[in-house]
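See structure below.
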Amino acid sequence: MRHRSLAAAAASASASGSGTIRRNVALLLPLFYQRHHRRFSFTTVACCLHPPPFESTEDQASLQGHIARGELSRARHLFDEIPSPDVRAYNDLIRAYSSSLSTAIDGLYLYRLMLRHRVAPNNYTFPFALKACSALADLHCGRTIHRHTLHMGLHADLFISTALLDMYVKCSCFPDATHVFATMPTRDLVAWNAMLAGYAHHGMYHDALTHLVTMQAQARLRPNASTLVALLPLLAQQGVLAQGTSVHAYCIRACLHLKVTDRVLVGTALLDMYAKCGSLAYARRVFDAMPMRNEVTWSALIGGFVLCGRMTQAFSLFKDMLALGLCFLSPTSIASALRACAVLDDLRMGEQLHALLAKSCVHADLTAGNSLLSMYAKAGLIDQAIAFFDELAVKDNVSYSALLSGYVQNGRAEEAFLVFKKMQACNVEPDVATMVSLIPACSHLAALQHGRCSHGFVIIRGFASETSICNALLDMYAKCGRIDLSRQVFNMMPSRDIVSWNTMIAGYGLHGLGKEATALFLEMSNQGFAPDGVTFICLISACSHSGLVTEGKHWFHEMTHRYGLTPRMEHYICMVDLLSRGGFLNEAYEFIQSMPLRADVRVWAALLGACRVYKNIDLGKRVSRMIEELGPEGTGNFVLLSNIYSAAGRFDEAAEVRIIQKVKGFKKSPGCSWIEINGSLHAFVGGDQSHPQSPKIYQELDNILAGIKKLGYHPDTSFVLHDVEEEEKEKTLIYHSEKLAIAYGILSTSENKTIFVTKNLRVCGDCHTVIKHISLVRRRDIIVRDANRFHHFKNGQCSCGDFW
DNA sequence: ATAGGGTTAG
């Protein structure tokens, strides 16, 4: 009796208890019966040795219970205790795993385990296993499953076909997706939506629209939330506002009975579409009308404002979001806010965002991390950027590109090449954006060999037809002195944008080819390209460098009257530069007085520079007073003012300005010149003796100077004496950096070669005279690219006509 | 459904 009741208790415990209890009971019971030599009924034994079907149903129920509550690890624990799980148990767990990206890999693992344990998958298994493949973009596994389903004769299964379709779309195998769709005997809305997502994924706008029309006309299916969510990003990408608006109208007209979650999705997609089409007001209106929002909604709106350049408003939205607590904060919105900081040059806010990023535990997010890196670089804090880069646990090509670009933006172009090498050593592939950042490093250094290597690199990688790459290349060739190659790149470009035209015009300007610049501008107009503000900056400064004063004035007039553009400060700088270089100093002064904007330092500095060249001390003094009134903002102005005094022999006053400068804490960036010989760069500062061939270089330079003195050259004392302190630092201004670089160039290149030297500041007047002489006595063409333009010295003359 | 790095001007 006692035994029977014990057995019954055990049986009931095994039926109701957890897996562990049950299994222990199942193990113990036979022993118990054996030991007591008792007879037991057949049911009891069966219950103990082979868990009966009703037990499995129990397991199933508790497994599903765990899954429903999202307790995946408990579900897995239970699953592992089932001695031999059946296909339903596998299906339930695979299904749960496949619903999230982070567990998709476990889903596929379980699927493989199932095959290994010889549990046959059924038609419920495949769609979920395929979903895991989609999430992981595991094409290989997806194809294997596809074959498996064909073997089992499941071609006609709607769910499997739809899952296959989705898998091929996500794995970017568009032909396979089309094939699956075409061979489906029946298609439901989910299948049509999956196919639409495929078109959207590949940016196939027209095919997507045809598909949508066919879906409604032939299959008589009405778009649902998924349809709209697939369609809207495509419209956003195409920027087709009219179509977007009609989709919006459809949403309202069709009275879609959407679930709350679907309303968030559709609303977010709608507002994103409006923002990407430039309609921020509508985006905002959709946002305001939404009954519920999530973090994606917020970041879509903030990102939209950033995209349209409305940084201040983007920022205040971000603050509104924070005011609601941290519940909507996401790495995405932080990344957008950081971009706004970078543009607004708001470092303090950027630092606060850095703290927020660290605090909200999303610092591991690369997107936001890269934005932060870039923000520091743009704020000029390259060392901060480097430190942050080093701290990143995972770095991708965007991180490397941001750092590389940071070096270039901060004038450390040589180091950009080191980053480029390092990223390749770490097997991180440079992409288009990386190269668009690297090529300007060559432009900056005027390193033609490096530039050509980069050109080769982009050809090999297949980037050479990208507009942005070509723009960078044509700028690079122009700045490396090869305006001919620049034009070649320009002519061969598959498509040009406004930057291409502007860069080419600027290139001509740099080379003093004002006529060519004007011709190109006219060609641009004829081809129906609308010039922008930058175009006129390039064009007017091209006129300025070529002495085309009348033409420059004409284009300034055209800009406002014909093209309806409002001149910005930069345009006024160009105009003052144009007038004052041409010697119309008083006209320039009057022009500044008549400006509708308050002239800033740069405008006055353009006039001040000319006062120095034309030795107009009175005006120079008046201008420098104006600069004084504006406050100490620039560095170069004091140098200019001091130069005016010393050029006129008023050294006391020159020194006085220098003292003021020193007191106010201005630093002059040191003059530096460099030359590329056989693909490597050799840089010199004034009085430099660090070069290995230094003694030879000085000997060569002394020989040259002795030679040209015989031809009547006298050092221009106004340049030599203008700065006593600099003189001490640089030993003597006879050994200005550009002279050293040219002497080295003469020593290390063959006699018929053109010498090409780059200087970070402007070439001084004394050097200008000396270089003209060198070109004559050594019969060499010498090109000097300084901070302003190109100087081509040939047979004792300079292309700039001495108005540098 | 959102999202990071990049080209022209002195």
Side-chain angles (χ1 to χ4, degrees), chain A residues 225-226 228-230 232-233 236 261-262 264-273 275-276 293-304 306-307 330-336 338-339 342 365-375 377-378 396-406 408-409 430-440 443 466-476 478-479 497-507 509-510 532-542 544-545 568-571 573-574 577 602-603 605-606 609 636 762 787-789:
Chain A
S226 304
L228 300 169
V229 166
L232 282 165
T261 45
D262 283 347
V264 178
L265 296 186
V266 174
T268 306
L270 267 175
L271 84 82
D272 180 58
M273 180 278 299
K276 291 223 172 82
R293 310 172 186 109
N294 64 12
E295 79 281 5
V296 182
T297 319
W298 275 100
S299 59
L301 188 67
I302 295 168
V306 169
L307 197 76
S330 66
T332 313
S333 55
I334 296 184
S336 294
L338 279 166
R339 282 192 67 183
D365 186 87
L366 251 189
T367 305
N370 290 337
S371 286
L372 188 61
L373 178 55
S374 166
M375 189 277 298
K378 287 211 174 75
D396 65 357
N397 61 346
V398 178
S399 326
Y400 278 98
S401 307
L403 182 70
L404 192 155
S405 166
V408 179
Q409 284 163 15
D431 65 0
V432 171
T434 317
M435 297 312 290
V436 169
S437 310
L438 183 72
I439 295 170
S443 320
E466 294 278 334
T467 305
S468 55
I469 290 276
C470 291
N471 291 344
L473 281 173
L474 68 93
D475 180 58
M476 180 275 292
K479 288 191 177 143
D497 61 9
I498 186 75
V499 177
S500 323
W501 291 95
N502 292 352
T503 310
M504 196 65 229
I505 291 172
L510 216 55
D532 65 0
V534 177
T535 313
F536 284 97
I537 295 172
C538 300
L539 185 60
I540 297 168
S541 75
S544 168
H545 285 313
R568 285 184 284 128
M569 194 61 80
E570 283 79 5
H571 297 101
I573 297 169
C574 282
D577 189 60
R602 296 168 299 165
V603 179
R762 286 173 67 173
N788 225 346
R789 57 162 294 163

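Note on naming: letters A, B, ... go to the chains in the order of the sequence lines (proteins, then strands), and numbering restarts at 1 for each one. In this text, all values refer to a predicted model and were calculated from it rather than measured experimentally.
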With a 4.0 Å cut-off on heavy atoms, is Thr434(A) in touch with a base, just the backbone sugar-phosphate, or nothing at all?
-> base

Base, sugar-phosphate alone, or nothing: which one does Gln409(A) contact when heavy atoms must sit under 4.0 Å apart?
-> sugar-phosphate

Sugar-phosphate only, base, or nothing, as touched by Ala472(A) at under 4.0 Å among non-hydrogen atoms | nothing

So what does Ser468(A) touch, heavy atoms closer than 4.0 Å: a base, only the sugar-phosphate, or nothing?
-> base

Report the nucleotide, chosen from dA1(B), dG5(B), dA3(B), that has the shortest atom-to-atom distance to any side-chain atom of Ala433(A).
-> dG5(B)

Hey, does the side-chain of Asp396(A) have a donor or acceptor N/O within less than 3.5 Å of a partner on the base of dG4(B)?
-> yes

Within the structure shown, what part of the strands sits under 4.0 Å from Ile573(A) by heavy-atom distance: base, sugar-phosphate, or nothing?
-> nothing

Under 4.5 Å between any side-chain heavy atoms of His545(A) and Leu510(A), yes or no?
-> no

For dT7(B), does OP1 or OP2 lie under 4.0 Å from any side-chain N or O of Lys479(A)?
-> no

Will you find, in the side chains of Ser405(A) and Gln409(A), an N or O donor that is under 3.5 Å from an N or O acceptor?
-> yes

Of the listed nucleotides dG10(B), dA1(B), dG5(B), the one nearest the side chain of Thr268(A) = dA1(B)

Reckon Asp577(A) touches a base, only the sugar-phosphate, or nothing at all at heavy-atom distances under 4.0 Å?
-> nothing

State whether Lys276(A) places a side-chain N or O below 4.0 Å from either non-bridging phosphate oxygen (OP1 or OP2) of dA3(B).
-> yes

Determine the contact category for Asn294(A): base if any of its heavy atoms lies under 4.0 Å from a base atom, sugar-phosphate if only primed atoms, P, OP1 or OP2 are that close, otherwise nothing.
-> base

Does any donor atom in the side chain of Ser544(A) or Asp577(A) lie under 3.5 Å from an acceptor atom in the other side chain?
-> yes

Would you please say whether a donor-acceptor pair under 3.5 Å links the side chains of Thr297(A) and Asn294(A)?
-> yes

Looking only at side-chain N and O atoms, does Ser541(A) come under 4.0 Å of OP1 or OP2 in dG10(B)?
-> yes

Qualifying residue for side-chain contact (heavy atoms from CB on, under 4.5 Å) with Asn502(A), from Asn471(A), Thr535(A), Asp497(A) = Thr535(A)

Polar pair under 3.5 Å, donor/acceptor by atom type, side chain Ser401(A), base dG5(B) = yes

Report yes if a donor N or O on one partner sits less than 3.5 Å from an acceptor N or O on the other, where the partners are the side chain of Ser299(A) and the base of dT2(B); otherwise report no.
-> yes

Output the single nucleotide from dG6(B), dT2(B), dG5(B) whose closest atom is nearest the side chain of Arg339(A).
-> dG5(B)

Does Ser371(A) make a side-chain donor-acceptor contact with the base of dG5(B), cut-off 3.5 Å?
-> no

Look at the side chain of Val499(A) and decide which nucleotide, out of dT7(B), dA1(B), dG10(B), has an atom nearest to it.
-> dT7(B)

So which nucleotide from dG5(B), dA9(B), dG6(B) ends up closest to the side chain of Val534(A)?
-> dA9(B)

Of the listed nucleotides dT2(B), dA9(B), dG4(B), the one nearest the side chain of Leu366(A) | dG4(B)

Gap between atom CD1 of Ile334(A) and atom OG of Ser299(A) - 0.5 Å precision = 10.5 Å

Side chain of Asp365(A), base of dA3(B): donor and acceptor closer than 3.5 Å?
-> no

Looking at dA3(B), dA1(B), dA9(B), which one has an atom nearest to any side-chain atom of Ala269(A)?
-> dA1(B)

Reckon Ser405(A) has a side-chain N or O less than 4.0 Å from the OP1 or OP2 of dG6(B)?
-> yes

